[in-house]
Amino acid sequence: MMPAARESLLDAAYTALSRRPWAAVRMVDVAAAAGVSRQTLYNEFGSKEGLARALVRREADAYLAGVERALAADHDARERLTATAEWTASAARENALVRAMLTGCWNEWLPSPTLSAVPSSSAVPAQRRADGPLPSPGDLVALVRDRAVAVLSGPGTRKSDAADLARSCELVVRLALSCVAAPPGEGGVADLVRGALHRQLA
């Protein structure tokens with residue numbers, strides 16, 4: 001199957017999920033919305049659980065790609081971490097699956113696939129990956145922290161400076177998540193993060 005068709009099916013599943021609880025999303029409707037047969041959908045994902053895992057995997061990857069973009073900006077470390085926090089808060093606000101992955105709060109509206117790997121007999125490489133372990137909230141925080149440290153620390157960074165940077169990066173992600181639960185007032189996420197980073201990265 002072409003990757004574009006797989007994406008169309010995942011788009012159709014995501015759209016269906018925005019309209020009704022996952023328990024009410026029917027495979028036949030997802031296939032019809034994507035313009036493929038139900039058999040094609042089953043060939044690609046194996047089951048509704050496989051489709052859920054693939055959808056969660058895709059949204060996690062998209063969130064992490066946004067983190068990469070924020071960290072790649074041509075700014076100093078403080079501004080790049082601020083952009084990472086703003087992206088984290090906006091992605092979690094706008095995407096219920098990203099919010100659930102980052103907070104661990106899955107409600108009855110959403111699919112809630114097990115985070116551990118499941119046995120996979122799929123011939124589709126993308127599905128084998130989706131059937132592997134899915135990231136927990138702690139995994140995602142660690143992935144963002146470690147990526148930020150790798151991008152922001154230079155070749156000659158001392159071990160103690162790298163440890164401080166790791167703490168600052170983790171603080172930023174956790175602050176962003178707190179803003180999802182309790183939105184900040186005027187100044188938003190950026191002011192909160194800049195204030196927290198003022199001493200660490202001065």
Side-chain angles (χ1 to χ4, degrees), residues 7 10 14 52-107 110-117 126 129-184 187-202:
E7 281 303 302
L10 289 169
Y14 186 84
R53 293 185 74 82
L55 189 57
V56 168
R57 177 83 262 170
R58 182 181 77 161
E59 300 310 310
D61 290 345
Y63 163 67
L64 292 169
V67 168
E68 291 282 349
R69 286 192 299 275
L71 290 171
D74 190 19
H75 299 296
D76 65 17
R78 190 179 304 136
E79 285 308 306
R80 288 199 254 182
L81 286 174
T82 300
T84 300
E86 288 182 305
W87 163 249
T88 296
S90 72
R93 242 192 334 268
E94 293 162 17
N95 186 320
L97 285 172
V98 171
R99 183 165 58 251
M101 279 184 276
L102 285 166
T103 62
C105 298
W106 298 83
N107 61 41
L110 298 173
S112 52
T114 100
L115 296 181
S116 54
R129 182 167 179 261
D131 288 339
L134 296 172
S136 69
D139 293 336
L140 281 171
V141 169
L143 282 166
V144 174
R145 178 198 65 215
D146 294 348
R147 189 68 199 118
V149 170
V151 168
L152 300 175
S153 57
T157 305
R158 291 186 322 225
K159 211 170 185 176
S160 61
D161 290 340
D164 287 344
L165 183 58
R167 278 190 291 276
S168 296
C169 294
E170 181 152 346
L171 171 69
V172 162
V173 180
R174 292 186 182 282
L175 266 176
L177 291 179
S178 75
C179 292
V180 173
V189 180
D191 278 4
L192 203 61
V193 170
R194 286 190 189 108
L197 290 176
H198 185 67
R199 287 186 180 164
Q200 284 98 325
L201 298 176

- Task: Might you work through the side-chain contact (heavy atoms from CB on, under 4.5 Å) test for L143 and Y63, ending with a clear yes or no?
- Result: CA-CA 11 Å; L143 282 166; Y63 163 67; over 6 Å; no
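Legend: residues meeting side-chain hydrogen bond (donor to acceptor under 3.5 Å, both in side chains) with S136, ordered by chain and number and at least two apart, are D139. Qualifying side chain to side chain contact (heavy atoms under 4.5 Å, CB included) partners for N107, counting only residues two or more places apart in sequence or in other chains: W109, L110. Taking E59 as the reference, Y14, L55, N95, L97, V98, M101 meet the side chain to side chain contact (heavy atoms under 4.5 Å, CB included) condition, with sequence neighbours excluded. Among residues two or more places apart in sequence or in another chain, the side-chain hydrogen bond (donor to acceptor under 3.5 Å, both in side chains) test is passed with R69 by none. Residues forming a side chain to side chain contact (heavy atoms under 4.5 Å, CB included) with R93 (at least two apart in sequence, or on another chain): A89, S90. Residues forming a side-chain hydrogen bond (donor to acceptor under 3.5 Å, both in side chains) with D61 (at least two apart in sequence, or on another chain): R57, R129. Looking at residues two or more places apart in sequence or on another chain, you find a side chain to side chain contact (heavy atoms under 4.5 Å, CB included) between T103 and R99, C105.
With rounding to the nearest 0.5 angstrom, the CG atom of L165 is 5.5 Å from the CG atom of L152. To the nearest 0.5 angstrom, R58 atom CZ is 5.0 Å from L10 atom CG. Taking CZ from R147 and CG from L64, the interatomic distance works out to 10.5 Å, rounded to the nearest 0.5 Å.
Taking the side chain as every heavy atom from C-beta outward, W106 and V56 approach each other to under 4.5 Å. Between C169 and L81, the closest side-chain pair of non-hydrogen atoms falls below 4.5 Å. With contacts defined as side-chain heavy-atom distances shorter than 4.5 Å, the pair R167/R145 does not qualify. L102 places none of its side-chain heavy atoms less than 4.5 Å from the side chain of P137. Two residues are said to be in side-chain contact when any heavy atoms from C-beta on lie closer than 4.5 Å; R53 and T114 meet this criterion.
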Do any side-chain atoms of residues 171-181 form donor-acceptor pairs under 3.5 angstrom with protein atoms, and if so which ones, sequence neighbours left out?
unit_1, atom_1, unit_2, atom_2, d
R174, NE, E170, OE2, 2.9
R174, NH2, E170, OE2, 3.1
S178, OG, L175, O, 2.6

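For the pair P135 and A60, the tightest heavy-atom approach, listed with the atom from each and the gap, is CG-CB, 4.0 Å.
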